[in-house]
Amino acid sequence: MTNDQRLTTSDEKFYPFDTIEPKWQKFWRENRLFNVDTKNPKDKYYCLMMFPYPSAALHVGHGRNYIIGDVVVRYKKMRGYNVLTPMGFDAFGLPAENAAIKGGIHPKVSTLNNISTMKRQLNQWGVEYDWEREVISCLPEYYKWTQWIFLKLYEKNLAYKKKAFVNWCPSCKTVLANEQVINGACERCDSEVSQKDLEQWFFRITHYAERLLKDLGKLTEWPERVKTMQSNWIGRSTGVEIDFKIDGSPKILKCFTTRIDTIYGATFICLAPEHPMVSSLIAGAPNKIEAERAIQKMRGESKIERAQADITKEGVFTGSYVFNPVNGNKMPVWVANYILMEYGTGAIMAVPAHDTRDFEFAKQYKLPIEVVIDDPKNSFDPVTMKEAYTSEGVMVNSDKFNGIPSEQAIEKIADYFEENKFGKRAIQYKLRDWLISRQRYWGAPIPMIYCLKCGTVPVPEKDLPVLLPENVEFRPTGESPLKLSKDFVNTKCPKCGGPATRETDTMDTFVDSSWYYLRYITPHLKDKPFDTKTVNDWLPVDQYIGGIEHAILHLLYSRFITKFFSDIGIVGFDEPFKNLFTQGMIIKDGAKMSKSKGNVVSPDKLIESYGADTVRLYTLFIGPPEKDAEWSDRGAEGAYRFLGRVWRLIEKVCSSQFSTLNSQLTKEEEALKRKTHQTIKKVTEDLDEGFHFNTAISAIMELVNAAYDLVGSGTGGLLGSPVLRDAAERIVLLLSPFVPHIAEEMWRSLGHNESILKASWPVYDKSAILEQVVTIPIQVNGKLRSRIEVSSDIKEDDLKALVLSDAKVRPHLAGKTVKDVIIIPKRLANIVLR
RNA sequence: GGGCGAGUGGUGGAAUGGCAUACACGACAGACUUAAAAUCUGUUGGCCGCAAGGCCUUGAGGGUUCAACUCCCUCCUCGCCCACCA
C-alpha cells in the first residue's frame, strides 16, 4: 500500500465542511465582497494572478497559484486595503485547435466549456475574484483591442514584415518565436525545430532592448533569478565593430568583437554560411564548386545540430582575403558552421590563441596562431599551446600596445580604431525582434490587408475587430486555415476600394497576454482598450503572482508593451508589475504533474473528502511557496486533522460561560496571553515580509496546541477564562486568509454578525509579548552545559555570577582559568576557558 | 562551458552568527473501545550508559569567531536557466 491510497476511512466528518463551504462561497459572492469600484482608488491594492490557459481541468499544482493569491487578497482586505482581484482566461492557443482537429469540437466550444469547468473549480477552492471584470482573450470584444495594439505598433513602425529564416515546428505546423525554442526544440511539443525562409510579422522589441535591460534595476521587488534570466536573454555586450577592407573589392566586411585587445592576434576571418557576402567572396575561388557544396551542407544543418557545442567544426576557404587594419596583414576569409548569422554581423575575426572555438578551428584547418596576450605566470608558444588562453593578461606582439594590461588595451585600442576610422564602438544584444505571425487558426487575426494597387494597408480602426470566421476547416497544412475561407480572405482595399486580400496569419497568443492586466481595470469599454486615468490610478500591479516558466516570455513581452503604451502616452508608468512572486511547482512521484505522465492530483476528490480548506491549508503548509514541493495525500490528511482540532476547540469555547474580568491573571493565563500575542506578531511578519505561509501556519498550530494544553481534557483548565476566549478569536482571525470557510463559520459561532472579511487583522500588544522570566542557555567553550531561569531584566554582572556558580557548569570549570564570560542579553551565556 | 539555486532526522521542512532538528507527516507505546477507526496522552537524530550523564551530528574537507546550518576558501552531488553569442 503506498502512502497515498490509505485515506481516512471514517465516514464521520470532523466538521461539516460540505455544508459550510458552499454556504460561505455563496454569501461572499452575493454580498459582492470581492467586487471593487475602480472609480475609487483610495488605499488601492491590485493583486493579480497570471490568468490561465483554459485546459481541461485544474490540478492541485495549478491551485497553488490561486490559493497563494487568495491568501494575499484576504489578508490585504483585513488590513484595510481596497483590493482589486480580477481573473480571466488566456483563451486562444494551440491545444484547443489540436483537439478540434482530433475530436471535431470547435475550439470556441471546447474553450468556453473548459472555462466554465475551471470557474467551477476556482469557486470550489474558495478563491474569490471580481468576476464582473472577467476577460476572455478569444472573444471579439477583447481581441479587437489586441488588433488595435498591432495597428498602433504598425503606425509607429514597431510592427513590420520581413522575409527571414524563422523557427519552424513541423509538428505544430507553425513558426515559433526565439523565446519558444528550447535547445532547438519546440517548447510545446518538443519536436525538433527547423529553419524556414518565410515572410513574417515582427514586433521591434529590440528597439526597447536597452530600456528593458536598464529598467530591471527599478524592479527591486522582483526575484533576482527572474531579473538575471531576463538580463541574460537580452544579452547586452559592448565591443568594437571593425571595418575590414576586402582585397580586390571596394566592399567592406564588418565584424563585431568584444575583445578588440586581441586584434593583433587575428589571423583569419569566419563568416556564417548564411552571410549575404558569401556568394561574392567565393566567386573567384579555385575550389568554387567544392566550397559551394560545403556551404550548402552547413546551411542544411538544423538548429539543434548547430546548437550543440560539441559538434565538429566545419569550414571552407572562400578564396578571398581582407586586411587587418592595425598591421596590414592579409587574412583569409573562411565560412564556418560555428558562426551564427543572427548575432553580431554574422562574421568574426578569429583569434585562435585567445578564443577556444577559433583555436579548435585553427588546429583543424592548420591556420596560423599568434599569441598577443601573455599570462604573467606563463609564456605561451603557439606551437605547443594545448588550448586558447582566454583570460586577461599583458599585451605582447601588439606594436605600441605591448606591455599594458589587456583590460586597459580594450579601451585604448577602441580609441585608436575610432581615431583612425578603422571601425567604431558598438553594442550588441542577443535579443531578437519578436516574431508574432502564426500559421494557425485559433488566434487573433492580424489586421492587415494586401491590395495589388496600394500594397500593404492596415485595417482602419473603425473596422475592428477583424472577426475570426467560425466556419473553417482545421486541417493543418502549414499555412493558416484562414486561407481556406474565401469570405475571410477576399475583401476590399480600405484605401482604393479595389479587390484585396486579408493577412491570414494570426497573432502569437503572447500578444493577447501582454496587456490583459490593463483591460481588467475598465473591462467593458467599447471605444478604447482601457481608460487611461483609471488605469493610472490602479497600476502598476501591486502584487503579481505566477509560475517561473514565464520569467522570460510573458514578463518580457508585457514590459515591452507597457513601455510602448507609456511612449504613446496612454499609460503613465513604464513598468507594469511592482512586486513579482513566482511560486514553485507541485511535484508528484518525482515529476511535474501532467496528464501524459498520469500523475495528476485532482482537487475535486480531495475537496469532496476533506473540504477546500484542507486542500488550501496543506498546499500552503507543504513548504516555502517559491520552491518546488512533493505532494502527499497523507500530508493533506494532517491538515484536515488540524482543522478538526481547531473546530473542537472553538466548540468548547463557544459552549463555555465566560467570566467578565479577572483581577489577576493566573500563570497559565499569562502564558497563553503571551503566546497569543507572539503568534500575532509572527504571523503578521511572515505575511508582510514575504510569503512565509508555512511558518505562519506552524505558528498558529503552536498556539492551538498551547490552548489545548490549558483547556485540558474534559471540563477543567482554563475554560471560562476571557484569556482563552481572546486566544480563540485571534486564532480564527489569523487562520481566516488561509482557511476562509471554516474561519467564517467559527467567527459567526463566536457571536459576530459581520463577515470576518470585514474584521480587522489583529494587532499584537508589545507589552504582552515580553517575558518576565527567560531561560538562558549556558555554554562552556561553545558547548551547551546548562540552562538557568532568570528575570529578564537581570543585570549582566549578576547573571555572570549566577552562570559561574551553576551546579552543572562548575565541574567543567575545575582546574581551568576563566578567560571571559560572554553574555548576550536574554539569549545566551558562554564561558570561555583558557 | 557560463550563470543562479539547493544539499539539515525515516519524510516535508524550521532556524541567516547565539539552545540545530520548531511545526507537520510517518513510526512506536498507552488510554478509550467487544474490536477497529477517530480522538486523547506520551516517546521518536545517532552512538555509549541501568541511570546521572557523555560523545557525535546540518553533502565532504579546511578557515574566520567566544560561538558557524548560517560568513570565507576548496571539492562533491543534485536542480534550474543560458549556451559555438564573437
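Scope of the values below: all heavy atoms of this structure, side chains included, with no hydrogens, waters or symmetry mates. Here is how names work: the chains are called A, B, and so on, in the same order as the sequence lines, proteins then strands, and each is numbered from 1.
Of the residues A:F268, A:Y343, A:F256, A:Y338, the one that meets the side chain to side chain contact (heavy atoms under 4.5 Å, CB included) test with A:I348 is A:Y338.
Here the P atom of nucleotide B:G13 and the CH2 atom of A:W631 are 14 Å apart, to the nearest Å. To the nearest angstrom, C1' of B:G18 lies 16 Å from NZ of A:K826. Rounded to whole Å, atom C1' of B:A24 lies 14 Å from atom CG of A:L620. Atom CE of A:M229 is separated from atom C1' of B:A83 by 14 Å (rounded to the nearest Å). Atom CZ in A:R641 sits about 8 Å away from atom C1' in B:C25, given to the nearest Å. Atom CZ of A:F642 is separated from atom P of B:U39 by 14 Å (rounded to the nearest Å). Protein atom CD of A:Q230 is 14 Å distant from nucleotide atom C1' of B:C82, rounded to whole Å. Distance, A:Q779 CD to B:G17 C1': 12 Å, rounded to whole Å.
In this structure, the side chain of A:Y365 engages the main chain of A:G315 through a donor-acceptor pair within 3.5 Å.
If you look at A:F621 and A:F693, their ring centroids are not closer than 6.0 Å. The aromatic ring centroids of A:F14 and A:W647 lie 6.0 Å or more from each other.
When heavy atoms are screened at a 4.0 angstrom cut-off, A:R785 is found touching the sugar-phosphate backbone but no base atom. Contact annotation for A:R357: base contact, defined as any heavy-atom pair under 4.0 Å involving a base atom. A:G235 comes within 4.0 angstrom of no nucleic acid atom, judged by non-hydrogen atoms across all strands. Using a 4.0 Å heavy-atom criterion, one finds that A:I622 contacts the sugar-phosphate atoms exclusively. Using a 4.0 Å heavy-atom cutoff across all strands shown, A:K227 reaches no nucleic acid atom at all. Residue A:H692 is out of contact with every strand shown, counting any heavy-atom pair closer than 4.0 Å. In this structure, A:N781 reaches neither bases nor backbone, as no heavy-atom distance under 4.0 Å exists between it and the strands shown. A:D355 comes within 4.0 angstrom of nothing in the nucleic acid, heavy atoms only. Among the heavy atoms of the strands, none lies under 4.0 Å from A:K682.
B:C4: Watson-Crick or G-U partner is B:G79, with both key distances under 3.5 Å. Across the strands present, B:A35 finds no partner; the criterion is a Watson-Crick or G-U wobble pair with both atom distances under 3.5 angstrom. Using N1 to N3 plus N6-O4 or O6-N4 for Watson-Crick, or N1-O2 and O6-N3 for G-U wobble, each under 3.5 Å, B:A67 pairs with nothing. Nucleotide B:C84: unpaired (no Watson-Crick or G-U wobble partner with both distances less than 3.5 Å). Across all strands shown, B:U16 has no partner, as no Watson-Crick or G-U wobble contact with both distances under 3.5 Å is found. Pairing for B:C50 is absent, with no Watson-Crick or G-U wobble pair whose two atom distances lie under 3.5 Å. Pairing for B:A27 goes to B:U43, judged as Watson-Crick or G-U wobble with the two contacts each under 3.5 Å.
Toward the 5′ end of RNA chain B lies the nearest nucleotide of A:G638, the other residue of the pair A:I348 and A:G638 mapping further downstream. In terms of position along RNA chain B, the nucleotide closest to A:A699 lies nearer the 5' end than the nucleotide closest to the other residue of the pair A:A699 and A:D820.
Donor-acceptor pairing under 3.5 Å, judged by distance alone, is present between the side chain of A:K313 and the base of B:C84. In the interface, the side chain of A:N830 is paired with the base of B:C66 through a donor and an acceptor atom under 3.5 Å apart.
Using cut-offs of 30° and 60° for the angle between ring planes, the A:F691 and A:F581 rings count as parallel.
Once rounded to the nearest 0.5 Å, the distance linking CG of A:L216 with CE of A:M229 reads 12.0 Å. Within the model, atoms CD1 of A:I263 and CZ of A:F417 stand 4.0 Å from one another, a figure rounded to the nearest 0.5 Å.
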